[in-house]
Number of protein chains: 2
Amino acid sequence: MKPVPAGDLSSAKAQPLGVRSLSMALRAEIEKMILHGGMPMGERLNENYFAEKFQVSRGPVREAFRALVEAGLVEFVPNRGVFVRQVSLDQAIAAYEVRAALFSMAGRLAARRRRKEEIIRLRGLVHDMDEAIEKRGGEGYYQLNLDLHATVMEAARNERLAATYQGLVKELHLFRAKNLDRMDHARVSNIEHAAMVEAIVDGDEVRAYETHFDHVMNARERVIEAYEDIA
Amino acid sequence: MKPVPAGDLSSAKAQPLGVRSLSMALRAEIEKMILHGGMPMGERLNENYFAEKFQVSRGPVREAFRALVEAGLVEFVPNRGVFVRQVSLDQAIAAYEVRAALFSMAGRLAARRRRKEEIIRLRGLVHDMDEAIEKRGGEGYYQLNLDLHATVMEAARNERLAATYQGLVKELHLFRAKNLDRMDHARVSNIEHAAMVEAIVDGDEVRAYETHFDHVMNARERVIEAYEDIA
DNA sequence: GATCTGTAGATCGTTGACAATCTGACTTCC
DNA sequence: GGAAGTCAGATTGTCAACGATCTACAGATC
């Protein structure tokens, strides 16, 4: 009955766009393409291209773009379109400082609000990362590192903080030198992790703040160094 | 000479919406209405209403809404529309903690990067606020307070930090108890300001962090108290 | 040979129309 | 009298088309 085109969206594209509104689903899909798919920085996002790719009109695509602009993943130029955002070293440095602010607060709150199971999990992660470095040549370290940071955020029990932090980390993915935090630093980094976790375990807010703050600011320094190597 | 179109838009529309794209201008305008105009919390924003009000089609209005959703000022419900966001006490508390993280970082960076003229300005503001309290019954205190916070942010010299902070402050405007930070606390508050400024002047990063952190967290406590009075 | 000008193609900005969905009130039935 | 079903009106979701703007390239001018 309905004048729906022969092949329906979800199956035709074989894309699990979800049940949300079309533009919300598109936003998530395009975001994934930018972050994981690896679209070149500065690349222009063509509205017609995405409209055809997902078999929708340009309206929802445009709405998805607006949301991505606000999220800081793309830049908008009137009458030109949107472009995958270029993140300069200076901007990355600034973002690391914001990250330090947020993450050190998370550590501080985690020290105040931690629960027994989180303490166990945190200590376990530090131990696993040690083993990943010493016994498996760094295999699996990256994921464990993400887990550790996520667990600290969880222990802080502040969703607003977690959401802001997440948005910032996404943005930092756009920085081309993101992968410069090499395995050389894993040992040093994990010593910092241990100090962070013990401060949380002790419930020492000030020490938790300091250790978490230093951890991110040290990462900031390493990024600067690494960048200068390739520049 | 460039082929300038006969009838140019800006005058034809006779709308001082600015030179940016239509949806960007709408976003700013609607945001102003929500924050200053005082739209009731939970109010639904009707697309047709805004389209007619600004003499545009619904497309740009919808795009403006998407941006406001991402900014956290309105909530989106599929097939229902967008609503002015309701901010609960719990959410406000969480937001104050994020604010403490950002502002204490600003204080810390300001202590590191301050310039002579900013020192003069900061001390002047604290002095003016004292006079506003003692000699003018609080007249002008509110604006001076905003100026002080803005000056600290400026001295921190981190645009990303400032932008994140600004977005958060906007969101806190949606909290109905926002005006509960009454003049009773101005004296205490300004003593805190003095401590903050002196820490920045001394270039003492740790003390700057602590004083700024405490200042926001104390404000958080006062909001909780005030909320309980009216609840 | 370099710069400027004009045109063509492509892309964005906006609009108005139509389909899908929801809200709220009225009717009907138990 | 209260609960469930039904229907009209209003609102949102999506689309296709038109007008405006920009980029790039070819040709003319100095």
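Letters go in sequence order (proteins before strands), and every chain restarts at 1. Please read these numbers as outputs of a predicted model, since none were measured by experiment.
B:Asn218 places a side-chain N or O within donor-acceptor distance of the main-chain N or O of B:Asp214, the cut-off being under 3.5 Å.
Residue B:Phe76 is in sugar-phosphate contact alone, with no base atom involved, counting any heavy-atom pair closer than 4.0 Å across all strands shown. Across all strands, A:Gly59 comes closer than 4.0 Å to no nucleic acid atom at all (heavy-atom distances). Nucleic acid contact class of B:Asn48 (heavy atoms, under 4.0 Å, all strands): base.
In this structure, B:Leu45 atom CG and D:dA10 atom C1' are separated by 16 Å, rounded to whole Å. Atom CZ in A:Phe65 sits about 10 Å away from atom P in C:dG13, given to the nearest Å. Summarising the geometry, the separation between CZ on B:Arg62 and C1' on C:dT15 is reported as 14 Å, rounded to the nearest angstrom. At whole-Å resolution of the value, CG in A:Leu22 and P in C:dT21 are 13 Å apart. As rounded to whole Å, 14 Å separates atom P of C:dT14 from atom CZ of B:Phe54. Residue B:Arg66 contributes atom CZ, which lies 10 Å from atom C1' of D:dT12 at whole-angstrom precision. A straight line from CD of B:Glu47 to C1' of C:dT14 spans 15 Å, rounded to a whole angstrom. One interatomic measurement links the two molecules: CE of A:Met24 to P of D:dT12, which rounds to 16 Å at whole-angstrom precision.
Residue B:Arg80 places none of its side-chain N or O atoms closer than 4.0 Å to OP1 or OP2 of C:dT21. Between A:Asn46 and C:dA10 there is no side-chain polar atom (N or O) within less than 4.0 angstrom of OP1 or OP2.
Nearer to the 5' terminus of DNA chain D, by closest-nucleotide assignment, is the contact made by A:Glu63 (compared with the other of A:Glu63 and A:Asn79).
In the interface, the side chain of B:Arg58 is paired with the base of D:dG13 through a donor and an acceptor atom under 3.5 Å apart.
Atom CD of B:Glu139 has 12 or fewer heavy atoms from other residues, nucleotides or ligands within 6.0 Å.
A salt bridge does not link B:Arg66 with A:Glu70: every distance from a Lys NZ or Arg NE/NH1/NH2 to an Asp or Glu carboxylate oxygen is 4.0 Å or more.
One side chain, A:Arg160 or A:Thr164, offers a donor N or O that lies under 3.5 Å from an acceptor on the other.
Residue B:Phe76 holds its CZ atom at 11.0 Å from CZ of B:Phe65, rounded to the nearest 0.5 Å.
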